[in-house]
Amino acid sequence: MLRTFMVLFSLLCFQASAEDNASQTVTSSSLSELAAQLPTTKLSKMAPLVEKIANTQSANTRVLLQYLLDGELYYVKANKAIVRAQLNEQKQYDLTDVLGTVEYSASSKSAIRKIRTNNRLRGQIRSLLAKLDLTDANPQVRIAALQQLIDKPNESAISTIQSLIGDEKDQDVAQLMQTIVDVQLLKTGNHEQKMAAIKGLKNSLEPAVNNMLVTQLAALPNKPKTEQDMALARSLQDAIDKIDSKRSFYGVVENIFFGLSLGSVLLLAAIGLAITFGVMGVINMAHGEMIMLGAYTTYVVQLIFPHLIEYSLFIAIPLAFLVSGSVGIIIERCVIRFLKGRPLETLLATFGISLILQQLVRTIFSPLNRQVSSPEWMSGSLQINPVFSLTYSRLYIIIFSLMVFFALLLILKKSSLGLHVRAVSQNRDMARALSIKSDWVDAITFGLGSGIAGVAGVVLSQLTNVGPNLGQAYIIDSFLVVVFGGVGNLWGTLVAAMSLGSINKFLEPITGSVLANIIVLVGLVLFIQKRPKGLFPQKGRSTD
């Protein structure tokens, strides 16, 4: 019994598959038959033929119409085959078979002939392409087609939308369809239709909607005489004010997002400096060069693995940490440990080290800036609405910086290394009395801070060009973040970085970038006069 059932089920599946294949074959053959008439059809009789082609259910239908619209559809004189022809550098035409898989060699102009179109036919093709896109199974394709129609809707497109809007299942697509219908009614409808359209459009953030409302308001008399004109003017003005209010709100949200992204970069650049400055009390002027080394590590990774751009950042992050961290440990073991308790000499020594590292990079990579490619998954943006979007690169940087922050916080709070670091930073003499090797804690802490700076360089390589002076642009800001937040306090560094980034982004549109930096600097000087230990001062007997 079971065997009989399996045989019947297999026969039914085979029959269904055969029917699908047969349907697809019929559709493809009908498109081929209609396309074969293009070379012999007069231009005056092309419109009905193009209409029939658009009605065929084939994957090649849209491609053929698009090539015809772009003026790239030709036929070979010898066999009347429909091809796409593109002029190459050798003044020959590269031919692509539109409906089949035949391969053609480059041909001269004399061997092919263009399928002619005119303005009227091209307008018909645009409408047919829009209709095809509006009935596509993919909602994103339908939205893209509607976005193109919202600025200049035509009667054919409007009628198509009105016939489809009742059966549309996707809410975003249906809403955009209704917006286009309302825009057309606002433009051509009577008074009642215009009032109803304004009511439906006052919540839309589409730029075309705002432009249409402003245009309709400007078209009214300066002093409306009739009650209808006065009511229409009030409704238009109320809708414009409501849209402007929403746009202003999302403008503030956008500034906050950009401020957080800048703050994330400052957080990564300053967090390593915060722990080294807090534990060792060393003003490391070579911290910017640790950032630079991390950026150049990303560049070298992409040189070595040019076919792994999509994964290059995942390779570069641990390598940059190791490279910058190793250089930091070498600097601490060879220079800084001999200058403890001498802050001026330490500052001058690290400044000299920064110059040496810059010149070393210039010698190896040349003084020219290098561009690092961004992976495909970091390009583009997350569209929230027509006036607000989140760029993926900045969004990933915010998430990544917070991950690094909490990972470092976990290490300092839960590991034995973190316990020793906190002990040395609060009371070095007492930590030594408890058999903690403060010298090695200094070295590991300096290497950890330098390694995190290298990770910051990986992030910066995605935002700007990589050059020998890359780190110098962030060293001052890093010190400002550390001092503002409180020396050696990670939470203070987080709050300070996000605050300074957001303040900068809100001031820049008003004052300009240079004046914004000056205002922030003056504000920090005044703040430090009142609170010399920053927002979150370090605790411990040694800080008294």
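Residue numbers start at 1 and run along the sequence shown. Values in this document were obtained by computation on a predicted structure and should not be read as measured data.
- Counting heavy atoms from C-beta outward, Leu205 and Lys246 have side chains that approach closer than 4.5 Å.
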Item to check | Derivation of the side-chain contact (heavy atoms from CB on, under 4.5 Å) call for Leu402 and Leu494 | outcome: CA-CA 9 Å; Leu402 292 177; Leu494 174 65; 4.0 Å; yes
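- Asp70 places no side-chain N or O within donor-acceptor distance of the main-chain N or O of Glu72, the cut-off being under 3.5 Å.
- Evaluation of the salt bridge (Lys or Arg N to Asp or Glu O under 4.0 Å) rule for Arg394 yields no partner, not counting sequence neighbours.
- Using a 4.5 Å heavy-atom cutoff, the side chains of Ile519 and Thr511 are in contact.
- Using cut-offs of 30° and 60° for the angle between ring planes, the Tyr299 and Tyr296 rings count as perpendicular.
- Residues Leu409 and Trp491 have side chains in contact (heavy-atom distance under 4.5 Å, counting atoms from C-beta outward).
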Item to check | Evaluation steps, side-chain contact (heavy atoms from CB on, under 4.5 Å), between Arg333 and Asp439 | outcome: CA-CA 9 Å; Arg333 289 287 86 189; Asp439 288 344; 3.9 Å; yes
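- Side-chain atoms of His420 and Leu412, non-hydrogen and from C-beta on, never get closer than 4.5 Å to each other.
- A 4.5 Å side-chain heavy-atom check between Asp97 and Glu103 finds every atom pair outside the cut-off.
- Here the closest non-hydrogen pair linking Leu347 and Met285 is O-CG, 3.8 Å.
- Residue pairs meeting the side chain to side chain donor-acceptor pair (under 3.5 Å) criterion with at least one member in residues 455-468, sequence neighbours excluded, are Ser374-Gln462.
- In plain terms, the two heavy atoms of Arg362 and Asn469 that are nearest each other are NH2-OD1, 3.0 Å.
- Note that CD of Glu508 and NZ of Lys505 are 4.5 Å apart. Values are rounded to the nearest 0.5 Å.
- At least one donor-acceptor pair under 3.5 Å links the side chain of Asp170 to the backbone N or O of Val173.
- Under a 3.5 Å cut-off, the side chain of Arg337 and the backbone N or O of Asp442 do not form any donor-acceptor pair.
- Between Phe257 and Ile398, some side-chain heavy-atom pair lies under the 4.5 Å cut-off.
- Rounding to the nearest 0.5 Å places OG1 of Thr493 at 11.0 Å from CZ of Phe484.
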Would you give me the side-chain donor-acceptor pairs under 3.5 Å for residues 383-391, sequence neighbours excluded?
from   : atom 1 : to     : atom 2 : distance (Å)
Gln383 : NE2    : Asn385 : O      : 2.5
Asn385 : OD1    : Val387 : N      : 3.0
Asn385 : OD1    : Phe388 : N      : 2.9

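- Atom CD in Gln358 sits 11.5 Å away from atom OG1 in Thr363 (nearest 0.5 Å).
- Tyr74 and Tyr93 have tilted rings, their planes meeting at an angle from 30° to 60° on a 0 to 90° scale.
- Looking at Gln92, its side chain does come within 3.5 Å of a backbone N or O of Ser108 through a donor-acceptor pair.
- More than 12 heavy atoms of other residues, nucleotides or ligands lie within 6.0 Å of CH2 in Trp377, so this atom counts as buried by the packing criterion.
- Checked by atom type and distance alone, the side chain of Ser324 never pairs as donor or acceptor with a backbone atom of Phe321 at under 3.5 Å.
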Checklist entry - Is there a side-chain contact (heavy atoms from CB on, under 4.5 Å) between Arg247 and Asp244 once you walk through the steps? => result CA-CA 5 Å; Arg247 291 167 71 95; Asp244 288 342; 4.2 Å; yes
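- To the nearest 0.5 angstrom, Ile304 atom CD1 is 12.0 Å from Ser312 atom OG.
- Side chains of Phe400 and Val455 form a contact here, defined as non-hydrogen atoms less than 4.5 Å apart.
- For the pair His287 (side chain) and Ala269 (backbone), a donor-acceptor distance under 3.5 Å is present.
- Contact of the Ile275 side chain with the Leu490 side chain is registered, since non-hydrogen atoms from C-beta on lie closer than 4.5 Å.
- Atom CG of residue Leu129 and atom CZ of residue Arg122 lie 13.5 Å apart, to the nearest 0.5 angstrom.
- Between Ser261 and Ile397 the shortest heavy-atom distance is O-CG2, 4.5 Å.
- Checked by atom type and distance alone, the side chain of Ser502 never pairs as donor or acceptor with a backbone atom of Ser499 at under 3.5 Å.
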Item to check | Verdict with reasoning, Ile309 to Gln302, per side-chain contact (heavy atoms from CB on, under 4.5 Å) | outcome: CA-CA 6 Å; Ile309 299 297; Gln302 292 194 353; 3.9 Å; yes
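- Here the closest non-hydrogen pair linking Ser366 and Arg370 is OG-NH2, 2.9 Å.
- No donor-acceptor pair under 3.5 Å is formed between the side chain of Thr297 and the backbone N or O of Leu319.
- Among all heavy-atom pairs drawn from Ile436 and Ala423, the shortest one is CD1-CB, 3.9 Å.
- One N or O on the side chain of Ser354 and one on the backbone of Phe351 form a donor-acceptor pair closer than 3.5 Å.
- Rounding to the nearest 0.5 Å gives a distance of 15.0 Å between OG of Ser264 and OH of Tyr396.
- Closest heavy-atom contact between Met292 and Pro468: SD-O, 3.1 Å.
- Atom CZ of Phe406 sits in a crowded spot, with more than 12 heavy atoms from other residues, nucleotides or ligands closer than 6.0 Å.
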